[in-house]
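Have a look at the structure below before the remarks.
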There are 2 protein chains.
Amino acid sequence: MMPPKVTLKAVAAQAGVSYQTVSKVLNGQLQVSAETHERILQAAQNLGYRPNQIARNMRAGRSFMIGYSWVQTSPDQVNHILDQFLSSMVREAEAAGYHLLPFPFQEGEEQITAYRELIATRRVDGFVLTSVDYNDPRIHFLLERGFPFVAFGRSNPELDFPWVDVDGAAGTRQAVEHLLARGHRRIAALAWPETSRVGNDRLQGYFQAMQKVGITPCPKCLLRGEGTFDVGREMTLRLLDLPAEERPTALIALNDTMAIGAMYAARERGLEIGRDLAVIGFDDAPMVQYLYPPLTSIRQPIAQAGRKCVEMLVSLLEGKTLTEKHVLLAPRLILRASA
Amino acid sequence: MMPPKVTLKAVAAQAGVSYQTVSKVLNGQLQVSAETHERILQAAQNLGYRPNQIARNMRAGRSFMIGYSWVQTSPDQVNHILDQFLSSMVREAEAAGYHLLPFPFQEGEEQITAYRELIATRRVDGFVLTSVDYNDPRIHFLLERGFPFVAFGRSNPELDFPWVDVDGAAGTRQAVEHLLARGHRRIAALAWPETSRVGNDRLQGYFQAMQKVGITPCPKCLLRGEGTFDVGREMTLRLLDLPAEERPTALIALNDTMAIGAMYAARERGLEIGRDLAVIGFDDAPMVQYLYPPLTSIRQPIAQAGRKCVEMLVSLLEGKTLTEKHVLLAPRLILRASA
DNA sequence: ATCGTCAAGGCGAACGTTCGCGCGAACGTT
DNA sequence: AACGTTCGCGCGAACGTTCGCCTTGACGAT
């Protein structure tokens, strides 16, 4: 700020060449005599020259920015993902000469407006999407515009776009297989409404694992609802009120918050978790290790997903063809005392 | 992308005026005949003109970006703050025509390098700092350069810079007063090392509340250590092993993670939390409401802090003088079953 | 001697905007 | 009728880069 701006012209003046020559030499676009080369580098070093990024972007007609927006969770819920996801994206982007542009998430029709505006004002070169679901309007819009983006999460099968996702089915499959290995046979699932793509995906693993050992899950053991503590608790109370021969001995919830509700319900009924009822969550939120008992849960490779999203998007922006348009990452079951 | 770029010249061509005139009219800098005015607005509307932000920045010599970087918490710990803080900043910034530029947090000497680089390449107009502590090198650097910034958190008293902070002392004071009102007299504190500015601030409120009712806290009841689960647990075990007449009946931890460790320790000793031992945390992390029993904790007005930081920084960037250079926000005690 | 070749580096232009100045016409004043 | 004044708008310039083309001098081959 205080020190006068040091531009190409300043460096050129000190080195005794034209400023365009300085540009080319610093960018390695031009062979000059060893002597001149040295003079230019010295001058740049002396003055502490750093290229003005705005001017570069102006010239390039690109912003080298990646737009990203996330649903803000309510103060009760926690987005434990955000820190890791954002950090990994920021790092990966910076390494490739890009930066992230976070913008407010809007619900409804204005959502597209925000994307449209960022494109029109040329603030971003591409987007990373999260919280995608079936028929995501953003995907339709961006595909139609032919604007580059990568989604973290899948959508309708017929839509062709690059995505990275965590293999939710593989996660629950591991979890259920673990419960089966422990001798559980009546395993319940606390699931989400069928309108949730992620929920359906995760639930698939439950069916796969059960079918593999020839068990047909009883219909009463599959409950659906919003993924909150209260819903998890109520569902579990319903399960525990079943007659003994139908009552599940284990349950898996599609997220940790529901699993915590389930633990609460079990305690209300005087059951000891891990012994009388096995509980497994999904997401491995940072605090579930401190619950009593610590919650077994499924951890997603979030940082890896973030890196991959940016890596793929950058490839698109640089005009390369993607070696892999779809990336499916495996989650990992973290065993603790609850199951 | 596909549609040809619509610039001022395109609008001007359609409206039959010079492109500079279009610029001025759209920015309200020039009075023209009602008829021309209408023609220009129509043309801009028709073509869907939106100003190229990069060119604007180029012209203005500013980026309208606010640099922000945060310490990435380890995967076990959680940054439940980030979502709210970031969201509120992004919204406030956008409303003022700015955007946030997140960049990777670096430890040690390279940290300043990152800040220096963003300034030199003119990518940002100012910074918001978090996780500031005594003698924060970033503060020294930015003050010396005269580069605009606002800190969330205080540092050395002698350093003069704009900040927003949560009144940690007021938080613990409320908590201790609540414990005193409940009849507790031997109240322990699980604190941080004296090198922590935030820790000292929060601890102050403990002393203030105790002194106000004429109680000198016993030295054994003040323990210091890193703010982790394990440290919190170990400290609490030490407290509970004190002879009955010295043993505290309540404790307050400077963060929730330690408080959770304390709850764990109490359970190990067969105590019922809330009855045999009152526990209060700090931060009100989203999941502590689901602990057993739910944890009483101190909630910080994070979103308000984020808004305020950006608001003040924008004022600085617009050349206004700050009406208030220091803002101290009051936290709120959230009462639950643990105390 | 003449010509083509090549290395070294200068020069003009352009990206899209905003800003200050200037110019002609219309208008009101002396 | 001559003279300021105002209105409505055009024009040139600039922000700092990068890119393509041009110029100059030296050199070797014919």
Side-chain angles (χ1 to χ4, degrees), chain A residues 1 3-41 43-44 47-65 97 118-125, chain B residues 1 3-41 43-44 47-65 97 118-125:
Chain A
M1 287 267 87
K5 326 190 178 189
V6 32
T7 69
L8 280 179
K9 298 198 183 180
V11 177
Q14 180 155 121
V17 292
S18 78
Y19 66 93
Q20 296 97 328
T21 300
V22 176
S23 167
K24 288 177 197 171
V25 168
L26 291 181
N27 292 325
Q29 312 266 17
L30 180 62
Q31 278 291 19
V32 294
S33 73
E35 184 193 6
T36 314
H37 191 88
E38 190 54 30
R39 268 211 327 279
I40 292 176
L41 256 56
L47 300 171
Y49 171 77
R50 299 270 56 218
N52 182 322
Q53 189 63 28
I54 302 178
R56 278 200 156 163
N57 294 348
M58 172 82 177
R59 168 70 209 197
R62 309 173 37 191
S63 63
F64 293 94
M65 292 266 170
L118 288 172
I119 297 174
T121 56
R122 311 202 108 70
R123 265 184 248 249
V124 300
D125 295 342
Chain B
M1 288 267 84
K5 326 190 178 188
V6 32
T7 70
L8 280 179
K9 297 197 183 179
V11 177
Q14 180 154 120
V17 291
S18 79
Y19 67 93
Q20 296 96 329
T21 300
V22 176
S23 167
K24 288 176 199 171
V25 168
L26 291 181
N27 291 325
Q29 313 265 18
L30 180 62
Q31 278 292 18
V32 294
S33 74
E35 184 193 5
T36 315
H37 191 90
E38 191 53 31
R39 268 210 329 277
I40 291 176
L41 256 55
L47 300 172
Y49 171 77
R50 299 269 57 217
N52 180 322
Q53 189 63 27
I54 300 177
R56 278 197 157 166
N57 294 347
M58 172 83 177
R59 169 70 208 198
R62 311 174 35 192
S63 63
F64 292 94
M65 291 267 172
L118 287 173
I119 297 174
T121 56
R122 310 203 110 70
R123 265 185 248 248
V124 301
D125 295 342

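So you know, we letter chains A, B, ... as the sequences are listed, proteins then strands, and number each from 1. Only a predicted model underlies this, so the values are computations on that prediction, with no experimental measurement involved.
Qualifying side chain to side chain contact (heavy atoms under 4.5 Å, CB included) partners for A:Y49, counting only residues two or more places apart in sequence or in other chains: A:V6, A:L8, A:V11, A:L26, A:A44, A:P51. A:T21 pairs by the side chain to side chain donor-acceptor pair (under 3.5 Å) definition with A:S18, not counting sequence neighbours. Shown here are the side chain to side chain contact (heavy atoms under 4.5 Å, CB included) partners of B:M65, two or more places apart in sequence or in another chain: A:M65, A:L101, B:S63, B:H99, B:L101, B:V124. Legend: residues meeting side chain to side chain donor-acceptor pair (under 3.5 Å) with B:R39, ordered by chain and number and at least two apart, are absent. The side chain to side chain contact (heavy atoms under 4.5 Å, CB included) check on A:Q31 picks up nothing, with sequence neighbours excluded. Judged as a side chain to side chain donor-acceptor pair (under 3.5 Å), and not counting sequence neighbours, the contacts of B:N57 are B:Q53. In this structure, the ring pair (Phe, Tyr, Trp, His ring centres under 6.0 Å) partners of B:F64, at least two apart in sequence or on a different chain, are B:Y98. When the side chain to side chain donor-acceptor pair (under 3.5 Å) test is applied to A:R50, the partners found at least two apart in sequence or on another chain are B:E117.
Stem analysis of DNA chain C (Watson-Crick or G-U pairs, both distances under 3.5 Å, runs of at least three) returns C:1-30 with D:1-30.
Taking for each of B:Y49 and B:K24 the nucleotide of DNA chain C with the nearest heavy atom, the 5'-most of the two is the partner of B:Y49.
Shown for residues 58-65 of chain A: residues whose heavy atoms fall under 4.0 angstrom of DNA chain D, namely A:M58, A:R59. Residues of residues 30-40 of chain B that place a heavy atom closer than 4.0 Å to DNA chain C do not occur.
The shortest non-hydrogen separation linking A:N52 to B:R122 is ND2-CD, 3.3 Å. Pairing each heavy atom of B:L47 with each of B:Q14, the nearest pair is CD2-NE2, 3.9 Å. The minimum heavy-atom distance linking B:V25 with B:H37 is given by the pair CG1-ND1, 3.7 Å.
First and last contacting nucleotides of DNA chain D toward chain B (any atom under 4.0 angstrom from a heavy atom, 5' to 3' order): D:dG8 to D:dG16.
Side-chain N/O atoms of A:Q20 and base N/O atoms of C:dG12 include a donor-acceptor pair closer than 3.5 Å.
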